[in-house]
Student: 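This structure is in structure tokens; I'll ask about it shortly.
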Amino acid sequence: MPVTVVPTVPLTLALAPLGGLVGLVLPRKMWGRLWALLLSLLTATAVPGPSLRRPSRELDATPRMTISYEELSGTRHFKGRAQNYSTLLLEEASARLLVGARGALFSLNAHNIGDGAHKEILWEASPEMQSKCHQKGKNNQTECFNHVRFLQRLNATHLYVCGTHAFQPLCAAIDSEAFTLPTSFEEGKEKCPYDPARGFTGLIIDGGLYTATRYEFRSIPDIRRSRHPHSLRTEEAPMHWLNDAEFVFSVLVRESTASAVGDDDKVYYFFTERAAEEGSGSFPQGRSSHRVARVARVCKGDLGGRKILQKKWTSFLKARLFCHIPQYETLRDVCSLDTDASARTHFYAAFTLTTQWKTLEASAICRYDLAEVQTVFTGPYMEYQDGARRWGRYEGGVPEPRPGSCITDSLRSRGYNSSQDLPSLVLDFVKLHPLMARPVLPTRGRPLLLKRSVRYTHLTGTPVTTPAGLSYDLLFLGTADGWIHKAVVLGSGMHIIEETQVFKEPQPVENLVISSMQHSLYVGAPSGVVQLPLSSCSRYRSCYDCILARDPFCGWNPSTLTCVVATTVASRAQGSRSVVIQDIERGNRGCEGNNSTGPPPPLKTRSVLRGDDVLLPCDQPSNLARALWLLNGSRGLSDGQDGYRVGVDGLLVTDTQPEHSGHYGCYAEENGLRTLLASYSLTVRRATPAPAPQAPALPGTQLAPDVKLLYVLAIAALGGLCLILASSLLYVACLRGGRRGRRRKYSLGRAGRAGGSAVQLQTVSGQCPGEEDDGDDGEGPGGMEAGCLQIIPGEGAPAPPPPPPPPPPAELTNGLVALPSRLRRMNGNSYVLLRQSNNGVPAGPCSFAEELSRILEKRKHTQLVEHLDESSV
Ligand SMILES: *[C@@H]1O[C@H](CO)[C@@H](O)[C@H](O)[C@H]1NC(C)=O
Ligand SMILES: *[C@@H]1O[C@H](CO)[C@@H](O)[C@H](O)[C@H]1NC(C)=O
Ligand SMILES: *[C@@H]1O[C@H](CO)[C@@H](O)[C@H](O)[C@H]1NC(C)=O
Ligand SMILES: *[C@@H]1O[C@H](CO)[C@@H](O)[C@H](O)[C@H]1NC(C)=O
Ligand SMILES: *[C@@H]1O[C@H](CO)[C@@H](O)[C@H](O)[C@H]1NC(C)=O
């Protein structure tokens, strides 16, 4: 399995405000020893096993920006009384977003889905229907409802909808203007699945309904055409054309429009099914449980056969779809781009890890060119060899006209006006050879992206043409826990511009629709629909930031000094050639000159006593940036040397000495560009601290130094043990990590640095246990729970149980109402100690920032701190 993560040790550090607690802090020497001990433990235990290093490292893109739910801006929400908003239909011309949910249909204003001016149709299964469904053994909490599964435009005046209707599917044509249910319904069992969770895909093409799912109570997979003079379906016997198929996507490709040979339009279907051809030497056909991804296609003009294959497709062919086998074979979703120009049509497909280990999560994205699919369908066939009882490549003669092909001009000229004119020999061949021998390979033969710890459930994409006239495919990938990854396809890989948490409660993204006219993305999920802007260029404040983002929608306008939406439309409107600066390809050129990094940050001053530890906070906004600290403008500080520890949150100076004084600049280094993020002036005062200014007596603070040392060592050993545990579970953790974090942090890893010596300080909040229990067996997250380090307050009370509850809340005093909730706003403070949350119970969030504000909240009541954060202003 391609796991390339660098161990990201969730270290969070405790702070003790400098002033009041000096006397309680341990002697510096002891600190030094503790650090050394901890570091040696870290380096000894956190080394990844050799199996974790596999070639696909460069495919595991880290989202550059992480935008949590709280940081979202410009979104709009819709939520009616229903749930399961899983069917979306965008009508650009009338600017309506039509939504099919459980028991309801909605017509929303696509400009603003949350404006309250929506129309609604209630369409529920009657209580009698529901109890009948329940009697048939179905779940009356989930299945015995009317889940709207199909919603498409039928003609100029009507929409066509189908619902599962408590396991008795119904369909109806509804007037889109009046938006009311008709008085009569149509039988839906030929068009709609019974089971709301069943894979389903459907299209209306020239008035005909093309649906693929598992129909009826028996759940028989089929591709059907109904509401058409020639209703068709797939063949059931003697050779199963479809085997336990689960459909995800279908698309019409108008191959007739530019065809020189009078080719027909085709409908392509994407699904997973049980592989008959795999391992069939050992398994009799049908017994194999191995599932594979497939693409199938039929011709739109197919009329079925006259005697053989009567009312059956005569043009059905299917082929295996390879992405990254054998790991990634579960197809989740497909989207198609450029379907109007069939020569350039291509597909993006999301796969997830095929494994019995439910707790392992990983996804892959592959791109397929239509030309490759077409080539496979004109290649050799497979055949079931009765003697050997296995599938093998068919080597015999192929009858004419070629079985499974559409009717073309040359066939018409030979008298084959339709599929009904095809000779029996050809149709008999079609019946037995639905499967092609060659698999469809992804573009460039490999995935564009392999992503750990993420399960993509849906994707959609759009080509974006930049002012310079280049076109990039922009993809939006929805995850099983309610995040959207926005990615641009660059040659053989993908750059994930940002990951956005669109739902507060983790829930699977069930549908994604792009509107270029509204510049919006609509996300359907169990709890509602969300509308997001396709780009938020104003988020990027400097030219460097704007081009590092590599968002094809965004460009830097040097005259207004803003990052703006840069589309051809915009530049044409301004009547001039592109003036915006973009560098999607490399993401680092064009900003040379002034003002490329924005205004410099204010200088903050810090003054500490010699021997103390001090933290200079510096949060990297980009997950791809590397922190660089310069002392007095030139000397680069390296981690682990001269008492410096470089973390993603800031710089820790331990055991400060007068020579640590000076000017510290924190830079973000990304893609060869360097931006100043924070600067500090640090003064280390020589004054030897007088013995503890009478600190309020806290439990455990009056211990003798040697007892303290004992405690400290015990904690260190405990921490070490837990780290061993954590790293031994790293393999699992790497795949699972970062699932529903409020804030995900990424490590650039040691591979990027030449022989980096120590583990970087990291704050990793994503894997924190606590609120979640998603129904997994729960044995997976345990590892991370054990590895979650927590901050404890700096009173030097090293007892293993959680810190005592904060004193009863007093009224807020001294202007600390607006306590910093982010690390980067913190003043320099002493670090005190790491402690492992070593009890099995959920330990709450271990995000540095959150933990910090909790501690500060607590501390402010103990009134040990008077000047918490002024010197930073
Ligand atoms: C589902 O069926 C159970 C058992 O018959 C019944 O107690 C429950 O009220 C039903 N729930 C709904 C929502 O109908
Ligand atoms: C659209 O279809 C509906 C239902 O079949 C039909 O009643 C209506 O007349 C059709 N409208 C047009 C414009 O064809
Ligand atoms: C409908 O939504 C609920 C949560 O609101 C979810 O548990 C269920 O799986 C959803 N059903 C379908 C068919 O998506
Ligand atoms: C095919 O169509 C042509 C012209 O439309 C007609 O002359 C010919 O007889 C048809 N052939 C068959 C086999 O129906
Ligand atoms: C940095 O500059 C300060 C004063 O400007 C000086 O005291 C200090 O020694 C310098 N530090 C180094 C490492 O050069």
Side-chain angles (χ1 to χ4, degrees), residues 78-88 99-104 124-151 162-167 169 192-200 213-214 219 246-248 332-333 455 457-458 478 480-482 503-512 523-530 603 605-608 610 614 616 629-638 641-644 651 653 656-665 679-686 773-776:
F78 174 77
K79 180 176 174 18
R81 271 167 295 165
Q83 44 178 316
N84 302 100
Y85 298 79
S86 42
T87 309
L88 301 181
V99 181
R102 191 179 97 176
E124 284 168 335
S126 66
E128 300 82 68
M129 292 298 303
Q130 295 194 20
S131 68
K132 247 164 90 187
C133 167
H134 189 49
Q135 278 156 25
K136 284 187 241 170
K138 299 298 164 188
N139 183 341
N140 68 353
Q141 304 294 322
T142 55
E143 296 174 310
C144 295
F145 295 94
N146 186 30
H147 288 265
V148 175
R149 299 300 307 275
F150 187 79
L151 175 55
C162 295
T164 59
H165 207 249
F167 268 71
C192 184
Y194 280 49
D195 182 344
R198 200 44 88 196
F200 172 73
T213 186
R214 282 158 69 169
S219 241
E246 199 65 27
F247 292 91
V248 301
R332 292 292 167 186
D333 197 21
R455 185 150 50 94
T457 53
H458 270 273
D481 57 355
F503 293 99
K504 200 175 165 81
E505 298 301 321
Q507 55 189 294
V509 170
E510 293 184 335
N511 214 330
L512 291 169
V523 186
S527 78
V529 187
V530 174
L603 179 72
T605 52
R606 293 286 182 278
S607 177
V608 297
R610 174 182 182 171
V614 65
L616 304 178
W629 285 87
L630 293 184
L631 174 54
N632 285 351
S634 59
R635 214 183 112 214
L637 305 179
S638 47
Q641 275 178 9
D642 305 329
Y644 293 115
L651 177 75
V653 191
T656 46
Q657 298 301 322
E659 52 275 26
H660 284 126
S661 297
H663 177 268
Y664 289 79
S679 53
Y680 293 93
S681 165
L682 179 69
T683 317
V684 179
R685 282 182 282 128
R686 229 168 231 292
D773 183 358
D774 57 334
D776 281 345

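In listed order, ligands and their atoms are each counted from 1.
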Student: Any non-hydrogen atom of Gln141 lying under 4.0 Å from ligand 1?
Tutor: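 Judged by the 4.0 Å heavy-atom criterion, Gln141 does count as contacting ligand 1.
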Student: Below 4.0 angstrom, N of the basic side chain to O of the carboxylate: do Glu124 and Arg102 qualify?
Tutor: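 Answer for the salt bridge query: no.
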Student: Among Gln657, Arg635, Glu659, which residue meets the side chain to side chain contact (heavy atoms under 4.5 Å, CB included) test with Asp642?
Tutor: Arg635
Student: Identify, by atom number and element, the atoms of ligand 3 in contact range of Glu510, meaning under 4.0 Å from any of its heavy atoms.
Tutor: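 Numbered from 1, ligand 3 contributes 14 (O).
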Student: Taking 4.0 angstrom as the limit and counting only heavy atoms of Gln83, give me the atoms of ligand 3 inside it, by number and element.
Tutor: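 With Gln83 as reference, the close atoms of ligand 3 come out as 2 (O), 3 (C), 4 (C), 5 (O).
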Student: Verify whether one side chain among Ser607 and Arg685 offers a donor that lies under 3.5 Å from an acceptor in the other.
Tutor: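 Note: Ser607 and Arg685 side chains meet the donor-acceptor criterion.
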Student: Any N or O of Asn84 that comes nearer than 3.5 Å to an N or O of ligand 3?
Tutor: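 So ligand 3 has an N or O lying under 3.5 Å from an N or O of Asn84.
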Student: side-chain contact (heavy atoms from CB on, under 4.5 Å) with Lys132: which residues, sequence neighbours excluded?
Tutor: Gln135
Student: When you pair each N or O of ligand 5 with protein N or O atoms, which pairs come out under 3.5 Å?
Tutor:
{"from": "ligand 5", "atom 1": "2 (O)", "to": "Asn632", "atom 2": "OD1", "distance (Å)": "3.1"}
{"from": "ligand 5", "atom 1": "2 (O)", "to": "Asn632", "atom 2": "ND2", "distance (Å)": "2.4"}
{"from": "ligand 5", "atom 1": "11 (N)", "to": "Asn632", "atom 2": "ND2", "distance (Å)": "2.9"}
{"from": "ligand 5", "atom 1": "14 (O)", "to": "Asn632", "atom 2": "ND2", "distance (Å)": "3.2"}

Student: Looking at Pro526, which atoms of ligand 3 are within less than 4.0 Å of one of its heavy atoms?
Tutor: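 What qualifies from ligand 3 is 2 (O), 4 (C), 5 (O).
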Student: I need the atoms of ligand 3 closer than 4.0 Å to a non-hydrogen atom of Pro196, numbered in the order shown.
Tutor: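 Near Pro196, the atoms of ligand 3 are 13 (C).
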Student: Which atom names give the shortest non-hydrogen contact between Leu512 and His458, and what distance separates them?
Tutor: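 Heavy atoms only, the tightest pair is CD1-O, 3.7 Å.
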Student: For ligand 3, indicate whether the residue Arg102 contacts it via side chain, backbone, both or neither (heavy-atom separation under 4.0 Å).
Tutor: neither
Student: For Cys162 and Cys192: C-alpha separation, side-chain torsions, deciding distance, then whether disulfide bond (SG atoms under 2.5 Å apart) applies.
Tutor: CA-CA 6 Å; Cys162 295; Cys192 184; 5.2 Å; no
Student: How far does OH of Tyr644 sit from OG of Ser638, to the nearest 0.5 angstrom?
Tutor: 10.0 Å
Student: Can you spot which of Val614, Leu603, Leu616, Thr605 makes a side chain to side chain contact (heavy atoms under 4.5 Å, CB included) with Tyr680?
Tutor: Leu616
Student: With rounding to the nearest 0.5 Å, note down the distance linking OG1 in Thr142 to NE2 in His147.
Tutor: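 It comes to 6.5 Å.
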